[in-house]
> 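If you scroll down you'll find the structure; I have some questions about it.
Ligands are counted one by one from 1 in listed order, and the atoms in each one are counted from 1 as well.
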Amino acid sequence: MSTERDSTLEEIRGSGVREIRVAFMDYNGLLRARSVALEHLPRVLEHGINFSSSGVSFNSRDLFPADASFDLASPDFWAVPDPATYRAAAGTSDAGEMYADLVEARGEPWPGCPRTALRRAIARAREAGLSFNVGFEPEGYVFRPANGEVEFVDSAKFATLDGLGSQPAFMHELLSYLSKVGIEVEQWTEEYGPGQIEVNLHYRAPLEAADALTRYRQAFRTLAAQHGLVGTFMAKPFEDQVGSGLHVHLSAEDANGSGINLFDGNDDPALGLSELARHALAGLLRHGPALTALGASTVNSYKRFLPGSWAPTHVMYAYASRAAFIRIPERETARRLELRIGDPTGNPYLFLAGILAAALDGIEQRLDPGPPMPGDVGRSGAGDAPPLPRTLEQALDRLAKDEVIRSALGSVILDEYLTIKRSEWEAFISHVGSWDRDWYLGRY
Ligand code: GLU
Ligand code: MG
């Protein structure tokens, strides 16, 4: 048994925890898990826990699409917990939590595993001499439950002191938990929406960043529920309120981790970007429509993309502008690319694997991003920048055709992702609800 496993077991035995939740994230961005009694953990660390592979063919309503590739006759996979991910679970002193990589019966990587897909993308970057850094900025709402619906917790306005003081017990517990499990928070704020909270997670290597975001999302929702609130990362809960985004800040250092930011440079003096950063930026733009399907992964995600909404509408980049698909923050701050397309509902392992592959493609092909777009798209127009996909279906069609992203995720993941997400789109498009009747029933 490895020393890492030994020392993790020792830590757990001394902590009073009695059960360990072993979790992996499915293609919908949902954590699937089983709980293991502490006595059985040594075996599970070695061999994993088996799951039916048909479980990853569920869509986000746990419905099984007719054309799913995994069915009840498909071989199981085993979720092998990564000892490095052991942390206390949020909201209980009895349980700990570990994230798993998925393997086949003989221990070979299972080709459907999202965390392994991100590991592969990281390894490819290392072969190219690079180690990326990722900082996530998740936004999410807390609401108060009200007769089967939700109501706003307050009417605090954007970035006010009142907003910071609005949910003191919940925020105290959330921030204490994050500090306890080693997730460094740079700052947090009351965002534009009432009860909308943004927490900025300090940058780290991609796998650790995805694990930390995953843990943050789980803690936010769990602790909100314990405080009588509904915590949600749904992209656009209300038509007349701003949506919740997941901004991704990307930079790179060399594969030995020198700590020198290789995106910093004067190859574009106005933006303070190196040649490497410019190529990475061009790669992200080229694969932008396909990445949209991974970052904005629900039907509802597309309702966030409105001109003037601080969320992007076109595939373009700009200096400082918050209307951009990729924002280049002010020259005086650390050099990085800020992708503003995603929201926090998706699977960050898949999204990051796609982002790394797109950036690397730009670097390897030495792509040129062209000039930044001036002004605010919402006011000055988008010039000849291509519009973003307007629906999940359009984005999935672009993802299906993107060979670079396909080869990064592998066809097993990519095709099943398309199947599941298309089933979500089909459910939406065939639903008849109050919108249809409001528009048509009395007029025709
Ligand atoms: N809530 C906005 C979004 O949907 C972003 C606001 C901000 O710039 O932080 O992306
Ligand atoms: Mg924000």
> Give a yes or no on whether Glu149 atom CD has more than 12 heavy-atom contacts from other residues, nucleotides or ligands under 6.0 Å away.
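For Glu149, atom CD is not crowded (no more than 12 foreign heavy atoms under 6.0 Å).
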
> Please enumerate all residues that pass side-chain contact (heavy atoms from CB on, under 4.5 Å) together with Ala210, with sequence neighbours excluded.
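Only Leu118, Pro348, Tyr349, Leu352 meet the side-chain contact (heavy atoms from CB on, under 4.5 Å) criterion with Ala210.
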
> Start with the C-alpha gap between Lys303 and Asp343, add the side-chain angles, then the distance that decides, and say whether salt bridge (charged side-chain N to carboxylate O under 4.0 Å, His left out) holds.
CA-CA 11 Å; Lys303 301 179 181 179; Asp343 64 62; over 6 Å; no

> Is any N or O atom of Ala311, backbone or side chain, closer than 3.5 Å to an N or O atom of ligand 1?
no

> Without hydrogens or angle criteria, can the side chains of Asp67 and Thr419 be said to hold a donor-acceptor pair below 3.5 Å?
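Result is no, nothing qualifies.
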
> Backbone or side chain, does any N or O of Gln196 fall under 3.5 Å from an N or O of ligand 1?
no

> Heavy-atom count check: over 12 atoms from other residues, nucleotides or ligands less than 6.0 Å from Arg204 CZ?
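Atom CZ in Arg204 is packed in, count exceeds 12.
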
> Heavy atom under 4.0 Å from ligand 1: found in Glu137's side chain, backbone, both, or neither?
neither

> Please determine, by modelled atom types, if Ser301 and Thr298 share a side-chain donor-acceptor pair under 3.5 angstrom.
yes

> Does the cation-pi check pass for Arg34 over Phe51, that is, NZ or CZ under 6.0 Å from the six-membered ring centre and within 45° of its axis?
yes

> Please indicate how many protein N/O/S atoms are found closer than 2.8 Å to the Mg ion (ligand 2), with waters neither displayed nor included.
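Atoms of protein N, O or S type lying less than 2.8 Å from the Mg ion (ligand 2) total 3.
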
> Please evaluate residues Ser258 and Asn256 with respect to the criterion side chain to side chain donor-acceptor pair (under 3.5 Å), reporting the C-alpha separation (whole Å), side-chain torsions for both, the decisive distance (0.1 Å), and the verdict.
CA-CA 6 Å; Ser258 65; Asn256 303 323; over 6 Å; no

> Out of all atoms in ligand 1, which are within 4.0 Å of some heavy atom of Val242? Include the element for each.
1 (N)

> In the protein, which heavy atom is nearest to atom 4 (O) of ligand 1, and how far is it?
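Heavy-atom neighbour on the protein nearest atom 4 (O) of ligand 1: Arg304 NE, 2.7 Å.
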
> Quick check on contacts: which atoms of ligand 1 are under 4.0 angstrom from a heavy atom of Arg322?
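Near Arg322, meaning under 4.0 Å from one of its heavy atoms, ligand 1 has 8 (O).
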
> Using a plain distance cutoff, I'd like to know if Glu139 has any nitrogen or oxygen under 3.5 Å from a nitrogen or oxygen of ligand 1.
yes

> Using side-chain heavy atoms (C-beta onward) and a distance below 4.5 Å, is Tyr417 in contact with Leu409?
no

> Please determine if Ser244 has a nitrogen or oxygen closer than 3.5 Å to a nitrogen or oxygen of ligand 1.
no

> Mark up the atoms of ligand 1 that fall under 4.0 Å of a heavy atom belonging to Glu198, in ascending order.
9 (O)

> Can you list everything that forms a side-chain contact (heavy atoms from CB on, under 4.5 Å) with Ala408? Sequence neighbours excluded, please.
Ala357

> Could you list which atoms of ligand 1 come closer than 4.0 Å to a heavy atom of Arg340?
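Atoms satisfying the 4.0 Å criterion: 5 (C), 7 (C), 8 (O).
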
> Do any pairs count as a side chain to side chain donor-acceptor pair (under 3.5 Å) and have a residue in residues 217-239, sequence neighbours left out, and if so which ones?
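Residue pairs with at least one partner in residues 217-239: Glu173-His227.
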
